[in-house]
Protein chains: 2
Amino acid sequence: MEKQTVTIYDVAAEAAVSMATVSRVVNGNPNVKPATAKKVLAVIERLDYRPNAVARGLASKRSTTVGVIIPDVTNIYFAALRPGIDDIAMMYKYNIILTNSDDAGEQEVNVLNTLMGKQVDGVIFMGNYIDDKLRAEFKRAKAPVVLAGTVDPNNESPSVNIDYAAAVEEVVTNLIARGHKKIALALGSLSQSINARIPTDGLQTGLNQGKIPFDDALVYEAGYSYDAGRKLQPVIADSGPTAVFVGDDEMAAGLINASMESGINVPDDLEVVTSNDTIITQITRPAITSITQPLYDIGAVAMRMLTKLMNDKELDEKTVTLPYGIVRRGSTKSAD
Amino acid sequence: MEKQTVTIYDVAAEAAVSMATVSRVVNGNPNVKPATAKKVLAVIERLDYRPNAVARGLASKRSTTVGVIIPDVTNIYFAALRPGIDDIAMMYKYNIILTNSDDAGEQEVNVLNTLMGKQVDGVIFMGNYIDDKLRAEFKRAKAPVVLAGTVDPNNESPSVNIDYAAAVEEVVTNLIARGHKKIALALGSLSQSINARIPTDGLQTGLNQGKIPFDDALVYEAGYSYDAGRKLQPVIADSGPTAVFVGDDEMAAGLINASMESGINVPDDLEVVTSNDTIITQITRPAITSITQPLYDIGAVAMRMLTKLMNDKELDEKTVTLPYGIVRRGSTKSAD
DNA sequence: CTGTTAGCGCGTTCAC
DNA sequence: GTGAACGCGCTAACAG
């Protein structure tokens, strides 16, 4: 039993008007006499007519759909940007096609292309780095792209971020002020990626100002997960830093738990600072000092920018940098 | 500078063939001489032609897109089903339109309707309860709907679940075997919702078998969040249960942390068991004993069922019940 | 193997 | 105010 679909023609016939008129009332075009509008509405109701968004998209060339590209749905950081994106999208009546890029360069290009094939009106892109290939695709795309929580080193695409390097620098400066000299950095992705370079830059700047030489050996790459953090712990312990900045909260949780279990007290023997202020930072014991990022706002502002671009409006600023903060918890010693 | 779009006609003209032929090579139809196929492919490449999925959808009446309805993207339980859904969808080349229902009845119906308007080929629905209105919409929809991690009490829609009541019962039985008599239940949603009734049933059955009277006052509703768990702690402590089953991991983490801080030792004074075996259960101290659910599989199987339905195949079984487990951690005392 | 011809359901001029 | 007609880009028979 195939469900029959009632079209705009059926409504037109039933209401004894032309389909153009039906189209007008459906789209709220004021050029319709209230009486006929009411009549049409009644028929629509009775026939349970639903406009076909695909046909509408073909005719109008707008799909009221935006694509969102995310490296990994389970990544708690990018996932945290989604509520902001979702809310603003919903506010402007856009639907979202959400796609995983698996953080792989090739895949990211594919995903972008299939989104464009679906005629999305715009794209929010999240990822760990922007390479030339991707940048070329963005330019070629006929729909606007906005980066959220993602840095384009060439600064070609509109984007929303915090000044992550400055945040790391501030963390490091605080650590140095409290006497630390061996400060480690635990990251997830490859060191050539931009999202690894930024914190590394922050660390270097901070160390420079404290007249402490930068030591490559204290920068670790493991992967952003709880288990990665656990596994990294003995490795880090070997080189004996007294403080570590971690790029991901789950990873920091793993590092802390493993440290405590092996007799290294946090924060007495090792101070830990992390990046994303997710709920994880409150759950661990000790709780974790963290950079605070306006995650919701990053998503919301990015989506807001995208709505402007999709309506051919100018952007006030192409690159938005939102303020960060630092919240102190038990994983660091108080400065006092 | 409007980006011009190259259509199938442009390719056809340029390659000196008909558009039907172009369509064939694009869709991998074998009825094309390799030579002409190659020629067409070359032109496609040169003109950088991208098929318009919207037009294709209109003509073919298939959008190769499925809708996924989720109550709240930040809910870690439903979020955990997504990788399974995503992977299978990707495997079958379906895109996903992800929409939040905010767990509100009205909203769920709306969301479903706009998805249908977008001509999705099918829908995966996750939610906390299925009411009559929703059930009616499912029936009316022209695309199939599969429930994931969601129970339809009327059992009308295909669904994938674990036997959650049995799992809770087993937990309770274990608790009783170790001497517990006052066992509390901490849930998130309203007690009339099915997802609250199920664990309550499990608790009751377990208690019955242990000849312990069921006490309504020991069933709490707070909300599935860390803070809700923290706030609930003093309330629960007042009635002095010696064990509690919690419906959500973050909530359990809040409860445990708050308990420890107020001098109630877990597990000595209070044993805690939770539901979803997310990474949270490993991060807390003590770590949390939990029901283990094949979350990935629930999503994957649901999506697999949906692909069958979308291709008019029969389902082997309409209601799939996957096995659960129980993993013991520090929040409960060992039975030995 | 390849081309022709109809639509798919709707938005949008342009006349009436 | 309202309707007729065309086109969006593509798939799907049907001929040839």
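Here is the naming used below: chain letters follow the sequence lines, and residue numbers restart at 1 for every chain.
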Item to check | 5′-ward residue of the pair B:Ala55/B:Pro34 relative to DNA chain C | outcome: B:Pro34
Next on the checklist: Quick check on DNA chain C: between B:Pro30 and B:Lys61, whose nearest nucleotide comes earlier from the 5' end?
Outcome noted: B:Pro30
Which value, rounded to the nearest 0.5 Å, describes the distance between [X] atom [atom1] and [Y] atom [atom2]?
X: B:Tyr94; Y: B:Met310; atom1: OH; atom2: CE; value: 3.5 Å
X: B:Lys318; Y: B:Met305; atom1: NZ; atom2: CE; value: 9.5 Å
X: B:Leu306; Y: B:Asp121; atom1: CG; atom2: CG; value: 8.5 Å

Would you kindly give the [atom1]-to-[atom2] distance between [X] and [N], to the nearest whole Å?
X: B:Asn29; N: C:dG3; atom1: CG; atom2: P; result: 13 Å
X: A:Ile8; N: C:dG9; atom1: CD1; atom2: P; result: 11 Å
X: B:Gln119; N: C:dC10; atom1: CD; atom2: P; result: 9 Å
X: B:Arg24; N: C:dC1; atom1: CZ; atom2: C1'; result: 8 Å
X: A:Leu58; N: C:dT12; atom1: CG; atom2: C1'; result: 14 Å
X: B:Asn31; N: C:dG3; atom1: CG; atom2: P; result: 13 Å
X: B:Met19; N: C:dT2; atom1: CE; atom2: C1'; result: 13 Å

Next on the checklist: If you assign each of B:Ala59 and A:Thr36 to its closest nucleotide in DNA chain D, which residue comes earlier from the 5' end?
Outcome noted: A:Thr36
Checklist entry - Under a criterion of less than 4.0 angstrom to any heavy atom of chain A, what are the 5'-terminal and 3'-terminal contacting nucleotides of DNA chain D? => result D:dG1 to D:dG9
Checklist entry - Do B:Ser63 side-chain atoms and B:Gln119 backbone N/O form a donor-acceptor pair below 3.5 Å? => result yes
Item to check | Matching residue for A:Leu98 among A:Ile85, A:Asp86, A:Val68, A:Ile124 - test: side-chain contact (heavy atoms from CB on, under 4.5 Å) | outcome: A:Val68
Checklist entry - Have A:Thr64 and B:Lys118 got a donor and an acceptor in their side chains that come within less than 3.5 Å? => result yes
Checklist entry - Could you go step by step and tell me if B:Arg304 and B:Lys308 meet the side chain to side chain contact (heavy atoms under 4.5 Å, CB included) rule? => result CA-CA 7 Å; B:Arg304 183 70 188 86; B:Lys308 286 193 178 173; 3.5 Å; yes
Is there a side-chain polar atom (N or O) of [X] under 4.0 Å from OP1 or OP2 of [N]?
X: A:Arg56; N: C:dG9; value: no
X: B:Ser60; N: C:dC8; value: no
X: A:Tyr9; N: C:dG11; value: no
X: B:Ser18; N: C:dT2; value: no

Reckon [X] touches a base, only the sugar-phosphate, or nothing at all at heavy-atom distances under 4.0 Å?
X: A:Thr21; result: sugar-phosphate
X: A:Val17; result: sugar-phosphate
X: A:Asn52; result: sugar-phosphate

